[in-house]
Amino acid sequence: MAIRVQEAASLRLDEIYRYTRDRWAPEQADRYITELFAAFDHIESQGVASRPIPTEFGVEGFYFRHAHPFVYWRRLSNGDVGIVTILHERMQQMDRFREDRPK
C-alpha cells in the first residue's frame, strides 16, 4: 500500500506550508507538514479514526481530522490510499471539497 497525494491535496499542502511559514516560522511549517504525512501513514493501520465522507459530497471515501484541517482520502482501484484534499476546519467543507474532488 502506498500513499498517493492527489493534485488538489498537493496544492492544499503547499498552501498550508506557506501560511504556517509566513505566520509562525519555517521550522513550524516543516514540523506541521511532517506531522500530516505521519498521519497519512497511519491510515492503513487505522491509527487515525476515519469516518465515511457524507454522501452529499458525491464521492466515496473517508476523512479524519488532524489538528485544524480535515484530511479527505479514498481507496484507489489498486488498493493504494489517495489523499483527495485537505481542508481547514474554517473552510466551507462541501463547497471546497466539490472544487477539489477527483473528476
Side-chain angles (χ1 to χ4, degrees):
M1 190 267 329
I3 303 295
R4 306 281 181 215
V5 177
Q6 297 180 309
E7 184 178 357
S10 181
L11 294 172
R12 298 290 182 196
L13 283 167
D14 289 344
E15 290 171 359
I16 291 166
Y17 181 85
R18 284 191 307 273
Y19 176 83
T20 305
R21 179 199 63 205
D22 296 347
R23 178 92 186 220
W24 289 282
E27 298 79 19
Q28 178 66 24
D30 291 342
R31 187 170 32 254
Y32 196 51
I33 296 299
T34 299
E35 290 171 2
L36 274 167
F37 274 90
F40 300 165
D41 288 339
H42 286 99
I43 292 171
E44 188 67 26
S45 66
Q46 298 177 349
V48 293
S50 293
R51 295 186 171 115
I53 295 174
T55 55
E56 59 267 21
F57 279 49
V59 67
E60 289 185 31
F62 303 90
Y63 74 98
F64 65 91
R65 186 175 184 154
H66 178 78
H68 297 286
F70 290 95
V71 176
Y72 292 88
W73 65 276
R74 66 185 178 138
R75 185 72 59 187
L76 302 175
S77 60
N78 66 358
D80 290 348
V81 170
I83 305 298
V84 176
T85 193
I86 304 155
L87 303 175
H88 193 276
E89 67 188 357
R90 292 185 182 158
M91 291 178 169
Q92 172 58 6
Q93 299 294 302
M94 190 178 300
D95 292 342
R96 290 294 180 103
F97 185 82
R98 284 187 179 137
E99 292 173 13
D100 291 356
R101 78 175 182 205
K103 306 295 185 234

Legend entry - Nearest atoms (heavy-atom pairs only) where Tyr17 meets Ala29: CE1-CB, 3.3 Å
Legend entry - Co-membership, hydrophobic cluster, residues Leu11 and Ile83, 4.5 Å side-chain: no
Inset, instruction - Can you measure from CG (Leu13) to CZ (Arg18) and round to the nearest 0.5 angstrom? - result: 10.5 Å
Legend entry - Contact summary for Trp73 and Ile53, nearest pair of heavy atoms: O-CD1, 4.1 Å
Inset, instruction - State which residues pass ring-ring contact (aromatic ring centres under 6.0 Å, His included) with Phe37; sequence neighbours excluded, sorted by chain then number. - result: Phe40
Inset, instruction - Taking all heavy atoms of Ile86 and all of Ala9, pick out the closest pair and write down the distance. - result: CD1-O, 4.1 Å
Legend entry - Asn78: side-chain hydrogen bond (donor to acceptor under 3.5 Å, both in side chains) partners, not counting sequence neighbours: Asp80
Legend entry - Rounded distance (nearest 0.5 Å) linking atom CZ of Arg12 with atom OH of Tyr72: 11.0 Å
Legend entry - Heavy-atom pair of closest approach, residues Pro69 and Tyr32: CD-OH, 2.9 Å
Legend entry - Residue list, side-chain hydrogen bond (donor to acceptor under 3.5 Å, both in side chains) with Thr20, at least two apart or on another chain: none
Inset, instruction - Answer whether the closest heavy-atom distance between the side chains of His66 and Val48 falls below 4.5 Å. - result: no
Legend entry - Residues that Gln28 engages under side-chain hydrogen bond (donor to acceptor under 3.5 Å, both in side chains), provided they are two or more places apart: Arg31
Legend entry - Nearest atoms (heavy-atom pairs only) where Phe64 meets Ala49: CB-O, 3.5 Å
Inset, instruction - Could you list who else is in Tyr19's hydrophobic cluster, with ILVMFWY side chains joined at under 4.5 Å, directly or through other members? - result: Trp24
Inset, instruction - Please name all residues satisfying side-chain hydrogen bond (donor to acceptor under 3.5 Å, both in side chains) with Arg75, sequence neighbours left out, ordered by chain then number. - result: Glu44
Inset, instruction - Looking only at non-hydrogen atoms, find the nearest pair between Pro54 and Tyr63 and report the distance. - result: CD-CE2, 4.1 Å
Legend entry - pair Gln6-Leu76: side-chain heavy atoms closer than 4.5 Å: yes
Inset, instruction - Quick one: pull up CG in Leu87 and NE2 in His68 and give me the separation to the nearest 0.5 Å. - result: 15.0 Å
